Amino acid sequence: MKILGIETSCDETAICVLEANGDLVHMSFRILGDAVYSQVKTHEQYGGVFPMMAKREHAANLVPMLLKALEEAGLKKASGDNERNLKEIERLLLREPGLFEAVRENVVPIKRPDIDAIAVTHGPGLEPALWVGVNFAKALSALWDVPLIPVNHMEGHIVSVLLRENENSKFQIPNTEEISFPAIALLISGGHTQIVLARNWADYVIVGDTRDDAVGEAFDKVARMLGLTYPGGPQISRLAKSDRLEHTKSRFKLPRPMITSGDLDFSFSGLKTAVLYLVRKIPELTDDIKRAVAREFEDAAADVLTAKASDAIKRFGAKTLIVGGGVSGNAHIRARLAELASKVGGIDLRLPSTRLSTDNAVMIAMAGFVRLQTTAAINPYETEFAARGDLRLS
Ligand code: KG4
Ligand code: ZN
């Protein structure tokens, strides 16, 4: 079947067309079209994502991304035979000024594409941003008479490891992946730091969570303290790497918050504050010092993440360690988790490809396929569904 995926929970406007086949045990996926518009340039100057600005950007970029994804998938055919009433589409897009006009002018003339379902992120995330994607998905569903699948963004990050990509080409060979359960999913992004016990697909329990900041947020804030632009994760990583090449030992010492707390929770706000105090004491932040601070911060974050992942694996007898979210792109953290997996033994470590580690629509379409195996899709005329910023996995 073909699934259209839509993702607008934060600062990426993403749409894809995914071919998905199989069942919960053997799934195979192939990306037919994939378009991502990153708003990073818009938010860079403010050092973070402003929800209302993200919302505006999504409304402006959803239609261009849809056209791009359909075009790539060879599904964009002009001269429509869409039967749905434009008044209804307008009602559905009432909350998104500008989007209705764009849909009327560019999408309505497209013939109903060969798509079987639309999967859309409805939470968690920035609620104004989520609403744009949800309303757009409802409008497309109504226009083309295609069922909708509401998707939890975090489930997207979990299933992102199922598509093993050829890193040189986005149109990779179809593949089938099996996961042994129980699995522990370490979800590390700009908005979340969670440990999830997956007893099976679509059967999750959150067993660890952050008490304050998410790990990616701490990376971004520390980067800001060091005078680096948003998002700071990749830049911290680069600085830390060059310090490791030059110095065998870390020259600063930061705390490892909650590493011995005995539970699976995290706290990254204290670590961020410790960096602030450290930086304040240093009269001049030379490039060399910045590299050393970045290295110690990355080490501290990696220590805590690895220790908690290890604890969770043992507690629940996990056979697989799944890692997802933007921070899973961090080379040092990946290496530390690989080291952990080989030390524990018998654990299958699954990491997403670089492209699927940050927010994208492919993982949303994949999660939609997983959902379809356990839950029926919905019809927006019969079932109301809303964007939920605080949506929980369970
Ligand atoms: O999953 P994601 O794209 O968006 C959310 O759902 O939050 O994650 C974005 C976060 C940002 O905080 C960014 O700084 C962080 O992931 N990130 C990294 C790296 N690449 C992205 N953090 C550390 N090292 C990286 N290489
Ligand atoms: Zn995410």
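Whatever order the structure lists them in is the order used to number ligands and atoms, beginning at 1. Keep in mind that this is a model prediction, so the values were computed, not measured.
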Problem set entry | Spacing of E7 atom CD and E12 atom CD [to the nearest 0.5 Å] | 8.0 Å
Exercise. Hey, is there an N, O or S on H153 sitting under 2.8 Å from the Zn ion (ligand 2)?
Worked result: yes
Exercise. Can you list the atoms of ligand 1 that are under 4.0 Å from a heavy atom of N330?
Worked result: 23 (C), 24 (N), 25 (C), 26 (N)
Exercise. Just wondering, are more than 12 heavy atoms of other shown residues or ligands nearer than 6.0 Å to NZ in K77?
Worked result: yes
Problem set entry | Residue portion contacting ligand 1 (non-hydrogen atoms closer than 4.0 Å) for H192 | neither
Problem set entry | Contact check, C10 vs ligand 1, heavy-atom distance below 4.0 Å | no
For this session: List the atom of D265, the atom of G208, and the distance in Å for their closest heavy-atom pair.
Result: OD1-CA, 3.4 Å
Exercise. With a cut-off of 4.0 Å, which atoms of ligand 1 are near a heavy atom of T358?
Worked result: 3 (O)
For this session: Could you tell me whether some N/O pair between F219 and ligand 1 is separated by less than 3.5 angstrom?
Result: no
Exercise. Taking the six-membered ring of F385 as reference, does the NZ or CZ atom of K138 fall below 6.0 Å from its centre and within a 45° cone about the axis?
Worked result: yes
Problem set entry | Expected output: side-chain R334 to main-chain S328 donor-acceptor under 3.5 Å | yes
Exercise. Ring centres of F268 and F219 under 6.0 Å apart?
Worked result: no
Exercise. Which protein heavy atom lies closest to atom 9 (C) of ligand 1, and at what distance to 0.1 Å?
Worked result: G190 N, 3.8 Å
Problem set entry | N/O/S atom name from D359 that is nearest to the position of the Zn ion (ligand 2) | OD1
Problem set entry | Under 3.5 Å: N/O of D359 near N/O of ligand 1 | yes
Seminar exercise, completed: Closest non-hydrogen contact found for T121 with V134 is O-CG2, 3.7 Å
Exercise. Do any N/O atoms on G191 end up under 3.5 angstrom from N/O atoms on ligand 1?
Worked result: yes
Exercise. Side chains of M225 and L285: does their closest heavy-atom pair fall under 4.5 Å?
Worked result: no
Seminar exercise, completed: re atom 1 (O) of ligand 1, the protein heavy-atom contact at minimum distance is G326 N, 2.9 Å
Problem set entry | Considering all heavy atoms, the nearest K55-V132 contact | CG-CG2, 3.6 Å
Seminar exercise, completed: min-distance protein heavy atom vs atom 14 (O) of ligand 1 -> D220 OD1, 2.6 Å
For this session: Report the member of G156, G216, G233 with the shortest heavy-atom distance to atom 23 (C) of ligand 1.
Result: G233
Exercise. D243 and salt bridge (charged side-chain N to carboxylate O under 4.0 Å, His left out): which partner among K249, R251, R238, R291?
Worked result: R251
Exercise. With a cut-off of 2.8 Å, does any N, O or S atom of H157 fall short of it relative to the Zn ion (ligand 2)?
Worked result: yes
Problem set entry | For H153, the ligand 1 atoms whose distance to one of its heavy atoms is below 4.0 Å | 6 (O)
For this session: Mark up the atoms of ligand 1 that fall under 4.0 Å of a heavy atom belonging to G329, in ascending order.
Result: 26 (N)
Seminar exercise, completed: A student checking ligand 1 against H157 at a 4.0 Å heavy-atom cut-off should list atoms 1 (O), 6 (O)
Exercise. Is the count of non-hydrogen atoms from other residues, nucleotides or ligands lying under 6.0 Å from F316 atom CZ greater than 12?
Worked result: yes
Exercise. Of the protein's non-hydrogen atoms, which lies at the shortest distance from atom 15 (C) of ligand 1, and what is that distance?
Worked result: V327 CG2, 3.9 Å
